[in-house]
Amino acid sequence: MNDRGSAGARRRAGHRLAPDVVPSHYDLHLDVDPERGPDYRGELKIAVLLRTSVREIELHAAELRITKARVETAEGGLVARALLRPDSETVALRLARPVGPGKVELQLSFTGKLRDNLRGLYAASADGKRYALSQLEAADARRFFPCFDEPAMKARFRIAVTTRAPHAVLSNSPVAREEEHEGAQKTVHFLETPPLSTYLVALAVGPFERSVATRCGPTEIRIWHVPGKGKLTGFALEAARECLLRLENWFGLPYPYAKLDLVAAPDFEAGAMENAGAVFFRENLLLLDPAAATLAEKKRAAEVICHELAHMWYGDLVTMAWWDDLWLNESFATWMAFHIVDSWRPEWKMWQDFQHHRAAALRLDALRHTHPIHCEVLTPNDATENFDLITYEKGASVVRMIERYLGAKTFQKGVRAYIRRHKESNATAADLWEALGDAAGEPVEPMVRGWIEQEGHPVLSLRRGRSQGRSVLTVRQERFDAASVEGARTAKPSRTKPTGAAPNGTATRQKWMIPWVGRVGDARGRARIVRKIITAATARVDLGAGETRFLYGNADEGGFFRPLHDTAGLRALTENLPMLTAVERMGLVDHQWALVRAGRAGVESFLDLATALAGEEEPDVLLTLRGPFAFLEDRLAAVVGGELPERFRDWIAANFGPALLELGWDTRPEEADDRRLRRAVLVGLLGEIADWAPVLASAAVRFDAYLAHRDAIDPNLADAVVTLAARAGDAARFDAMLGAFEHATTPQERRRFLFGLAEFRAPKLIDRALALCLTDRVPTQDVAFVVVRLLANREARLRTWEFVKKRWPRLRRRMPPMLATRLIETTPVLGPKWRRDVAAFFRANPLPTGGRSLDQALERFDLDTAFCKVAAAPFAQWLAKQPDKK
Ligand SMILES: [Zn+2]
């Protein structure tokens with residue numbers, strides 16, 4: 001029964017535990033003390049129901065040693081032989097005689113090691129003190145203790161921990177009792193948990209301090225942090241309370257766990273992790289001084305806190321049955337966080353933030369090597385690969401589209417029913433569709449499945465015309481391909497087969513059911529909304545009898561598709577920009593750039609649009625220009641060479657400089673956020689991209705002032721000021737920044753100065769930044785981010801790539817799998833000459849979770865090369881025609 005073929009075949013096919021062995025309860029006693037050393041011991045009893053008679057019971061265990069194994073049955077106990085199977089990360093308990101069917105108890109003693117790779121139960125350190133922390137998603141509970149490590153195998157956990165008396169010990173449940181032992185030891189016993197998937201179990205041990213508690217109804221909320229950071233907890237406590245209150249109202253169901261601890265982990269792989277009742281975060285998302293943090297940092301912290309709290313219902317209480325529905329967890333929590341934080345702080349304009357994320361998801365999803373939101377997952381590594389923009393941001397965009405299609409009330413009713421039906425259990429996408437369909441009184445699957453199960457997304461070609469005295473819109477849908485540009489697909493095919501993509505440059509037959517919403521402007525300057533469900537490849541939409549002055553093809557950017565306006569349509573939009581919402585202007589910029597990159601429009605169409613936005617007052621719209629400007633300056637203009645890069649920089653300065661001069665550098669105390677943010681975005685565009693002398697000079701002065709007094713500048717300017725100071729900086733400034741990093745009093749500041757170290761341009765200073773990455777002065781969680789920034793730094797990128805290749809074995813140990821893929825994703829900045837080298841290197845040194853990222857990176861190399869070839873001449877010609885405003 002348990003023989004599933006050779007080890008190799010198992011690994012290839014993915015290995016699942018037998019469904020007829022069902023765990024219901026774990027009793028876990030752990031002896032762990034991070035100060036004593038990395039070794040820990042555990043005693044474990046698991047109550048299991050055997051549905052059949054077996055002579056072998058298999059469960060997960062990896063990097064653990066099993067020192068004793070027994071099976072207790074109603075007829076007495078049996079010694080089991082524990083056979084570790086590293087290929088499948090399991091242990092088989094072999095018995096001398098068959099047991100079951102019926103209830104048995106597995107009794108295991110084991111030992112493990114706290115490693116520093118941020119997986120399983122791992123070691124972290126801060127200020128010379130040691131901590132033990134767990135991070136178990138997707139499939140690392142098996143590295144912590146032997147268990148049935150699949151999300152559908154939910155069970156109750158009773159956890160006890162023996163450690164030295166002064167340590168704080170935290171887990172999912174409240175403490176039931178504590179026992180003191182001789183030798184300054186204690187055992188902390190926690191109350192039993194409700195049924196949980198193994199990946200949601202949590203443990204933190206070490207000299208943590210705790211904040212005062214705040215309450216949300218009966219729920220006590222606390223923040224745990226390394227010593228001395230207590231004064232930074234106020235913002236997160238408020239955000240947690242406000243979000244929890246709104247989530248309880250939205251779900252119509254109280255918070256499902258007995259308490260809520262938020263733990264600021266000194267070293268952490270993900271941004272945060274939704275362990276039931278004990279959520280772990282990176283410090284910068286939880287410990288924050290509202291007076292010194294940027295608005296973006298505060299919004300991000302609130303959004304991530306809310307995302308994790310949304311998981312308490314959606315993910316923890318109701319859990320996906322298997323990792324192929326990871327998106328059920330993540331898309332929903334992502335959508336919910338923006339929805340709830342927006343209702344708490346409407347002035348933060350959260351949906352404009354979301355638009356930036358969504359734009360990144362659209363870019364990724366236009367590649368041949370994208371994947372459907374719902375996709376097959378065989379192994380834990382497959383699951384880890386899916387923690388990406390498709391699962392989170394595309395998924396959240398589709399959730400948003402469904403919500404708008406069904407209506408907010410119907411959608412909420414359906415989700416509430418889904419949570420009630422499946423609480424403390426597991427569910428699949430089909431269960432969600434059923435609940436939503438019941439609420440709507442019509443099946444939702446026909447609309448939804450196309451978006452969830454097909455990869456890619458449509459582009460809608462829009463043409464306005466008149467017919468029988470009425471305005472008519474013709475809409476044609478096809479899959480959007482990032483590579484319509486001639487030659488972009490001529491390079492050798494990548495390692496794996498792209499899934500279901502079209503042959504070179506041709507449209508596919510993929511179709512979506514699109515709940516289309518457009519914004520129409522009439523001759524009298526009023527705008528209204530037009531809706532149509534589009535199912536066919538081509539559709540006609542009646543826009544009414546009057547004349548339409550303009551049409552925007554994705555109102556409020558509510559749909560996950562790109563509108564392609566024809567030349568006349570785009571001109572009309574450019575002339576009516578103030579009639580669009582800010583999110584629509586952001587969308588227009590992003591879509592036009594993507595269409596240009598794909599060869600569906602000329603580069604001058606984007607540049608004309610950018611020119612029309614010179615007076616734009618919404619910071620988020622200006623920020624949308626940053627990515628395209630950076631590519632044009634750093635890559636396209638650089639390919640052409642000569643005077644072109646400087647001409648483009650001058651053009652940026654001439655068009656966007658006046659707005660900054662008018663705002664000035666100095667902030668008034670009562671100044672609105674929008675003005676502060678606009679100043680910050682303009683400083684970025686003009687300083688970091690255009691190298692505009694007045695900005696560079698001001699930044700240098702302000703950096704010195706900022707180093708002396710952190711309140712010397714508006715915090716929103718701090719990132720740009722630090723970056724610009726580093727670029728022009730010498731060794732003395734490097735030392736000053738390194739000192740500021742090591743003595744920073746907030747996690748945000750620490751991060752800002754650390755990232756600043758990656759912006760220096762002198763070769764010796766680049767080498768120093770690289771060398772730092774191999775020392776524990778840079779926490780494991782940040783190494784990949786620093787290397788990515790060094791790769792993005794024009795003067796540092798080749799040195800960095802050589803360093804990565806040469807020091808790979810050491811570097812890799814400092815980059816957990818999810819973060820190492822970021823490095824692969826960034827390699828296209830190296831430029832076309834390095835494609836072959838990057839491909840060869842990562843094929844010789846593959847990352848288990850990096851296969852898809854490598855394919856995507858190689859595809860991006862090709863797209864960049866093809867685009868630069870096509871766009872260079874028109875770009876130069878367009879610039880030559882621009883009036884000289886100097
Ligand atoms: Zn999540």
Side-chain angles (χ1 to χ4, degrees), residues 137 151 154 156-157 159 170-176 190-197 199-204 210-224 233-264 272-281 285-286 301-320 328-330 332-345 412-427 435:
E137 191 178 18
K154 284 191 167 182
R156 295 175 189 273
F157 291 82
I159 296 174
L170 286 151
S171 185
N172 307 88
S173 288
V175 172
F190 293 95
L191 291 172
E192 186 174 276
T193 69
L196 293 180
S197 302
Y199 80 93
L200 294 168
V201 169
L203 182 67
R210 64 178 199 178
S211 73
V212 293
T214 184
R215 292 188 92 87
C216 179
T219 307
E220 213 164 71
I221 309 174
R222 273 181 209 283
I223 291 178
W224 297 77
T233 55
F235 176 84
L237 278 174
E238 184 194 356
R241 188 187 60 233
E242 294 298 324
C243 291
L244 201 66
L245 185 71
R246 284 168 176 79
L247 287 163
E248 287 188 325
N249 287 336
W250 199 93
F251 284 110
L253 205 63
Y255 170 71
Y257 302 103
K259 52 87 185 172
L260 176 58
D261 286 322
L262 309 176
V263 181
M273 177 65 211
E274 69 267 24
N275 311 311
V279 186
F280 291 4
F281 294 82
L285 297 170
L286 213 50
E303 181 227 317
V304 175
I305 290 168
C306 191
H307 175 113
E308 304 309 325
L309 297 187
H311 275 315
M312 296 299 121
W313 289 263
Y314 209 108
D316 294 9
L317 187 61
V318 180
T319 311
M320 74 243 146
L328 268 182
N329 273 7
E330 297 305 344
F332 186 85
T334 303
W335 173 81
M336 196 73 184
F338 284 94
H339 181 72
I340 293 289
V341 177
D342 185 55
S343 71
W344 173 39
R345 302 295 294 263
Q412 184 183 31
K413 193 174 152 202
V415 175
R416 283 177 167 193
Y418 165 81
I419 296 285
R420 283 207 165 73
R421 274 177 211 171
H422 304 285
K423 68 179 177 186
E424 302 205 330
S425 180
N426 296 82

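What's counted below: heavy atoms across the whole structure, side chains too, no hydrogens, waters or symmetry copies. Position 1 is the first residue of the sequence; numbering continues from there.
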Using modelled atom types and a 3.5 Å cut-off, is there a donor and acceptor pairing between side-chain atoms of [X] and backbone atoms of [Y]?
| X | Y | answer |
| --- | --- | --- |
| D261 | S171 | no |
| K154 | P195 | no |
| K259 | T219 | no |

Q. Does a side-chain heavy-atom distance below 4.5 Å link M273 with Y199?
A. yes

Say you draw a straight line from [atom1] of [X] to [atom2] of [Y]; how long is it, rounded to the nearest 0.5 Å?
| X | Y | atom1 | atom2 | value |
| --- | --- | --- | --- | --- |
| F332 | H339 | CZ | NE2 | 8.5 Å |
| I221 | T233 | CD1 | OG1 | 12.0 Å |
| Y314 | M320 | OH | CE | 11.5 Å |
| I159 | N172 | CD1 | CG | 5.5 Å |
| E308 | L286 | CD | CG | 10.5 Å |
| I419 | W313 | CD1 | CH2 | 9.5 Å |

Search all heavy atoms of [X] against all heavy atoms of [Y] and return the closest pair with its distance.
| X | Y | result |
| --- | --- | --- |
| W344 | A239 | CH2-CA, 3.6 Å |
| H307 | T334 | CE1-OG1, 3.3 Å |
| C306 | M336 | SG-O, 4.4 Å |
| L196 | L200 | CD1-O, 4.5 Å |

Q) How far apart are the C-alpha atoms of L260 and L262, what are their side-chain angles, what is the distance that settles it, and do they pass the side-chain contact (heavy atoms from CB on, under 4.5 Å) test? A) CA-CA 7 Å; L260 176 58; L262 309 176; 3.9 Å; yes

Q: Test side-chain contact (heavy atoms from CB on, under 4.5 Å) on F281 and V263 and set out the steps.
A: CA-CA 6 Å; F281 294 82; V263 181; over 6 Å; no

Q | Residues E330 and H311: side-chain donor-acceptor under 3.5 angstrom | A | yes

Q | Donor-acceptor side-chain pairing of R156 and T193 below 3.5 angstrom | A | no

Per-pair distances, 0.1 Å, donor-acceptor, side chain in residues 242-254, under 3.5 Å, sequence neighbours excluded:
| residue | atom | partner | partner atom | Å |
| --- | --- | --- | --- | --- |
| E242 | OE1 | R246 | NH1 | 2.8 |
| R246 | NH1 | E242 | O | 3.1 |
| E248 | OE2 | Y255 | N | 2.8 |
| N249 | ND2 | L245 | O | 3.4 |

Q: Starting from the C-alpha separation in whole Å, work towards a yes-or-no answer on side-chain contact (heavy atoms from CB on, under 4.5 Å) for Y257 and M312.
A: CA-CA 8 Å; Y257 302 103; M312 296 299 121; 4.1 Å; yes

Q: Only counting residues at least two apart or in another chain, list the ones meeting side chain to side chain donor-acceptor pair (under 3.5 Å) with S211.
A: none

(Q) Looking at K423, I'd like to know if its NZ atom is crowded, meaning that more than 12 non-hydrogen atoms belonging to other residues, nucleotides or ligands lie closer than 6.0 Å. (A) no

Q: Only one of T319, L317, D316 passes side chain to side chain contact (heavy atoms under 4.5 Å, CB included) with E424; say which it is.
A: L317

Q | Lys/Arg-Asp/Glu bridge criterion (N-O < 4.0 Å) met for E220, R215 | A | yes

Q) Residues two or more places apart in sequence or in another chain: which of them pass side chain to side chain contact (heavy atoms under 4.5 Å, CB included) with A301? A) F235, L288

